[in-house]
Structures are given as C-alpha cells and as structure tokens.
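Below you'll find the structure, written out as structure tokens, and then a few comments.
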Amino acid sequence: MKKVVIFNGSPRMDGNTATILKMIERGAREHHAEVKSYTLFKMKFMACQGCFGCRMQEDCMVNDELKKALSDVKDADAVVIGSPVYFMQVTGPVKNMYDRFFPLIGEGGAPRFGEKKIVTVYSQDHEDPDMFRMYFDYLAVLFPGFGFVQEERVVCVGANNPETAEKDGELKRRAYEIGRRLAVLES
C-alpha cells in the first residue's frame, strides 16, 4: 500500500486549493493508498530555529505538530503540497514548512530517506497559468535535496473566486487521476 502525505497551505478550508487537494486525496484513497492530510493553518508549529540538531540526528528538534507530519513524510511514497499564490509567493506556513524539511536532507545535500514523488498545487487569480512559472521552478530547486521528484504541477487560475476549482470538471478529473496514479506508483 502506497503512502501519500498531503499538505494544504491555504487558510480557506473550502477554497480552490482545498478542492483540488481533496480530489487528489479521493483518487488516492479510492485506489487503496494510505493518505494523511494536514492543514497547515490549523496546526500549531514554529519556524525552523536553525539549531542544526537535525544534522546530529534524523529528526527535527522542535517538538510541535509539524514534527509528526515530518515523520510521515520520511515514510511516504508521495507528497502533495498545495498553496494559493499570495503576493507572488506561496503562503507563509508553506514557506516555514519547507524550512522545517531540513531534516530530510542528508550529507552533501543528498536525500536522507530516498526518493518520493511530489505533486504541487497552486491556485492564483491571474489567468495565465505560466505567470508564476519562474517562481514555481525556483521552489522546485529545493525538491531533490528533500528526495522529492517532480511528478506533477497543477495550477488553478481565476482563483479569486473560491468556487473556480469546484466548477471546473476537467480540473477535478485531472486531480483525481493524479491521486490514482500516486496510489499505484511502481516500486
């Protein structure tokens, strides 16, 4: 059974990012993956403290709600991270989470816990899905060190309307199919 960990970095519990992530989760669960979902805006966690404790052991030294999620990521086959684009960037909790992924990086920048597929989900108001491509590519530079292999990127446009994704049947089908594929990854 494949293990998928999903992070929702949106403060809107029923907005576009959440809609897409729920369809990915549904596709994965209905194809027998074990799925753990986290909503960052509901969690109490600190930013990375720069203590370098994770260089001496394989865990983050900060004992908060994100520490359990990091443990789930270590054992996952796939990770899904979703965020709306605010001021041309992912939300603050997503940025903090990426910093807290530091324990996933081993010696010389190699991943400590093997490779995992990654799916990123972004929602933005701008109608051009490539508007923030350079920024999304910039973020993706981090992924190999974490052990993440870019599987797929989903961009929901026109997202100031919180029902955009809900009304887009093709986008929801694509998200469901991504979840299905994550559930049946070849070992």
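With sequence neighbours excluded, the residues forming a side chain to side chain contact (heavy atoms under 4.5 Å, CB included) with Glu127 are Val157, listed by chain and number. Residues passing the side-chain hydrogen bond (donor to acceptor under 3.5 Å, both in side chains) test with Lys67, sequence neighbours excluded: none. Residues passing the side chain to side chain contact (heavy atoms under 4.5 Å, CB included) test with Asp137, sequence neighbours excluded: Arg133, Arg153. By the salt bridge (Lys or Arg N to Asp or Glu O under 4.0 Å) test, Glu115 pairs with no residue at all, sequence neighbours left out.
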Return a table of donor-acceptor pairs under 3.5 angstrom between the side chains of residues 140-149 and protein atoms on other chains or two or more places apart.
none

Sequence neighbours excluded and cut-off under 3.5 Å, please list the side-chain donor-acceptor pairs for residues 76-87, or say none.
residue : atom : partner : partner atom : Å
Asp77   : OD2  : Lys3    : N            : 2.7
Ser83   : OG   : Thr91   : N            : 3.0

Show your reasoning for whether side-chain contact (heavy atoms from CB on, under 4.5 Å) applies to Lys2 and Leu182. CA-CA 8 Å; Lys2 299 299 180 187; Leu182 293 177; over 6 Å; no
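For the residue pair Ile20 and Ala165, the shortest heavy atom distance occurs at CG1-CB, 4.0 Å. Nearest heavy atoms, Glu65 versus Lys44: OE1-N, 3.1 Å. Taking every heavy atom of both residues into account, Leu70 and Phe101 meet most closely at CD2-CD2, 3.2 Å.
Distance check, rounded to the nearest 0.5 Å: CZ of Arg180 to CZ of Arg26 gives 14.0 Å.
The pair Glu152-Arg174 meets the salt-bridge criterion, with a side-chain N (NZ, NE, NH1 or NH2) lying under 4.0 Å from an Asp/Glu carboxylate O. By the 4.0 Å N-to-carboxylate-O rule, Glu177 lies too far from Arg173 to be salt-bridged with it. Looking at Lys95 and Asp99, no side-chain N of the basic residue comes within less than 4.0 Å of a carboxylate O on the acidic one, giving no salt bridge. Of the charged side-chain nitrogens involved, at least one lies within less than 4.0 Å of a carboxylate oxygen, so that Glu166 and Lys172 count as a salt-bridged pair.
Through side-chain heavy atoms spaced under 4.5 Å, either directly or across other Ile, Leu, Val, Met, Phe, Trp or Tyr residues, Met23 is tied to Tyr176. In this structure, Met46 belongs to a hydrophobic cluster whose other members, linked by side-chain heavy atoms under 4.5 Å apart, are Val62. Hydrophobic clustering, defined by side-chain heavy atoms of Ile, Leu, Val, Met, Phe, Trp and Tyr closer than 4.5 Å, groups Phe41 together with Met13.
Remark: side-chain polar atoms of Arg100 are not paired, donor with acceptor, to backbone N or O of Cys60 under 3.5 angstrom. Checked by atom type and distance alone, the side chain of Glu107 never pairs as donor or acceptor with a backbone atom of Pro111 at under 3.5 Å.
Side-chain heavy atoms closer than 4.5 Å link hydrophobic residues (I, L, V, M, F, W, Y) into clusters, and following such links, even through other members, never connects Ile6 to Tyr38. The hydrophobic cluster containing Leu66 also contains Ile105, counting ILVMFWY residues as joined when their side-chain heavy atoms lie under 4.5 angstrom apart, directly or transitively. In terms of hydrophobic clustering, with Ile, Leu, Val, Met, Phe, Trp and Tyr side chains grouped at heavy-atom distances under 4.5 Å, Val4 and Val119 are assigned to a common cluster. No continuous path of ILVMFWY side-chain contacts below 4.5 Å connects Ile178 to Ile118, so the two sit in separate hydrophobic clusters. In the hydrophobic cluster analysis, where Ile, Leu, Val, Met, Phe, Trp and Tyr join through side-chain heavy atoms closer than 4.5 angstrom, Leu139 is grouped together with Leu40.
Using a 4.5 Å cut-off on side-chain heavy atoms (C-beta onward), Asp168 and Cys156 make no contact. A 4.5 Å side-chain heavy-atom check between Phe45 and Pro93 finds at least one atom pair inside the cut-off. Annotation: side chain of Phe113 is not in contact with side chain of Asp75 (no heavy-atom distance under 4.5 Å). Val154 places a side-chain heavy atom less than 4.5 Å from the side chain of Leu171. Side-chain contact between Arg29 and Val35: present, with at least one pair of heavy atoms (C-beta onward) separated by less than 4.5 Å. Within the 4.5 Å cutoff, the side chain of Lys68 has heavy atoms near those of the Lys36 side chain.
Contacts classified as side-chain hydrogen bond (donor to acceptor under 3.5 Å, both in side chains) and involving residues 48-59 (residues at least two apart or in different chains) are given here: Asp59-Lys74. Pairs of residues two or more places apart, or lying in two chains, that qualify as side-chain hydrogen bond (donor to acceptor under 3.5 Å, both in side chains) and include a residue from residues 5-19 are Asp14-Lys22, Thr17-Ser123. Each ring pair (Phe, Tyr, Trp, His ring centres under 6.0 Å) pair with one or both residues in residues 123-142, not counting sequence neighbours, appears once here: Tyr122-Phe136.
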